[in-house]
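Take a look at the structure set out below.
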Number of protein chains: 2
Amino acid sequence: MTTSVVSVTVDLVLLTIRQGVLQVLLIRRGIEPYLGKWALPGGFVLDGEDLEEAAARELSEETGLDPRAGHFEQLATYGAPDRDPRGRVITVAYLALLPDLPSPVAGGDAASASWQPVDGVELAFDHDRILADGIERARAKLEYTPLATVFCPPEFTVAELRAVYETVWRTRLDPRNFHRKVTGAEGFVEPTGGTVIRDRGRPAQLYRRGPAALLHPPLLRSTSG
Amino acid sequence: MTTSVVSVTVDLVLLTIRQGVLQVLLIRRGIEPYLGKWALPGGFVLDGEDLEEAAARELSEETGLDPRAGHFEQLATYGAPDRDPRGRVITVAYLALLPDLPSPVAGGDAASASWQPVDGVELAFDHDRILADGIERARAKLEYTPLATVFCPPEFTVAELRAVYETVWRTRLDPRNFHRKVTGAEGFVEPTGGTVIRDRGRPAQLYRRGPAALLHPPLLRSTSG
DNA sequence: CCAAAAGTGTTATCTGTACACCCATGA
DNA sequence: TCATGGGTGTACAGATAACACTTTTGG
């Protein structure tokens, strides 16, 4: 009975919505194992570095992004003994939700980092599982927190916010009831006063994210709320 | 820039209800650091051992309990660089919810393990924080899962189940509306046919836990539901 | 009998849902 | 003018909350 020599990594599930599709930031692996396969960005935790710090640093190095531009939270820790063929590696996964940034992969090794739709990807290690857990967490959090706004630019319309829910939940929501719920939920969104015409039709009001941390009442993904 | 030598431990937040109070299982530390202070049970992850496995083994060694007798889930991972004076130690915390077992600390080093009310304890390392996170997780889960039943014996009355909610949430619930909600929620509890008189008054029906994994509708901790 | 706990019925109120309808724009 | 999307009103169904009331025991 010996305590093992363990390496600790952090991995990031970075989600955004681009072209109306939920996408995840992936890195093409340049070394074995899983050479050439797609994987979540991440890497080893350094001396004296907190876990969040390590996650933010890795992301910045690999992609130039700052996960704190949106929402950032710990997801879970994965430590099956055989999850990495190189030896005992435990990984602490973080979930980040970001708006669709103009230059999402600048500053890093852009050639090997790219946003990809979350459906149908096949990833190295146990990253498929980690990604699935991250998506499920994001889905659940949209119900009872105002987090959907972090997928939007600083000013957005109710229809754009609704599109976030419809994309992440894969449902259709009634535009009229959704409008009422969102504008009625205390602290969810605040009108900026501006209006904008996105397509055709009547101009939409612009909103910014409000101060609430929890939604009362929550939005429910079951029906056409 | 060097990757650090990291040790990985598992710690357990083990909650139960004894004497009408939410209690946590604590170990009195027999070695430095924090010699003599109370701490969450836990220890180092061994070679080839999965994290859950490590958590279950540590608990069994230290207390003779099996966390899988109730509910068991990963809580979070804590990795601040200075959280352990001996060096870099990252801990993966697990949350377990157990019924009030007849002989809760048998089989282990019982002299140094004991159940204690969660209020007012002062723990070694960052275990106060971990405990607080565990309690909050438990509170939240009672709302939308049937997990409250794991605090009860195999057969229980509606009043006993209500006492669980009242204890964990620190609220009073209306016995009549609570009864209806619990017996009405699909798959939450199933009648065994038996009855029992706990105190005085009309005999209560006995129930066992039902097959549901989620509550529809959820119980809300805000009001007198 | 009374007190106490279990359990049922009833009603006012609130929330969610569906959908009719009006508003403001581009073409 | 029409099509399109933004936004409001309203009515019905279901859930919630408050509480009167009956049932079944022990003392």
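Since the structure is predicted, the reported quantities are computational estimates derived from the model, not experimental observations.
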Give one of base, sugar-phosphate or nothing for A/R180, where a contact means two heavy atoms less than 4.0 Å apart.
base
Closest to side chain of A/I197, choosing from C/dT25, C/dG7, D/dG6
C/dT25
Spacing between A/L206 atom CG and D/dG6 atom C1', to the nearest angstrom:
13 Å
What's B/R200 touching, base or sugar-phosphate or nothing? Going by heavy atoms closer than 4.0 Å.
sugar-phosphate
What's the closest nucleotide to the B/H179 side chain, out of C/dG7, C/dA6, D/dG9?
C/dG7
Closest-nucleotide 5' rank along DNA chain D - winner of A/R176 and A/R202
A/R202
In whole angstroms, the gap separating P of C/dA5 from CZ of B/F178 amounts to 17 Å
In this structure, how many angstroms lie between the P atom of C/dT15 and the CG atom of A/L215, rounded?
15 Å
Assuming nearest nucleotide by heavy-atom distance, tell me which of B/Y207 and B/G201 is located more 5' along DNA chain C.
B/G201
Rounded to the nearest angstrom, tell me the gap between atom CZ in A/R172 and atom C1' in C/dC19.
18 Å
Just checking A/F178 against A/Y165, ring centres under 6.0 Å apart?
yes
Closest to the side chain of A/P203, out of C/dC21, D/dT10, C/dT25, is C/dT25
B/R198 CZ - D/dG26 P separation (whole Å)
14 Å
B/N177 atom CG is separated from D/dA20 atom C1', nearest whole Å, by 13 Å
Tell me whether the count of non-hydrogen atoms from other residues, nucleotides or ligands lying under 6.0 Å of CD in B/E186 goes above 12.
no
Nearest whole angstrom, please: distance from the P of C/dT15 to the NE2 of A/H216.
13 Å
Exactly one candidate in A/I135, A/L14, A/L15, A/L12 meets side chain to side chain contact (heavy atoms under 4.5 Å, CB included) with A/L95; the answer is A/L15
Taking atom types as modelled, find out whether B/Y78 and B/D11 have a side-chain donor-acceptor pair closer than 3.5 angstrom.
no
Just how far, in rounded Å, is P of C/dA6 from CG of B/D174?
12 Å
Go through B/I130 and B/L123 one step at a time and tell me if the side chain to side chain contact (heavy atoms under 4.5 Å, CB included) criterion holds.
CA-CA 10 Å; B/I130 299 175; B/L123 305 181; over 6 Å; no
Out of D/dA18, C/dG7, D/dG6, which has the shortest distance to the side chain of B/Q205?
C/dG7
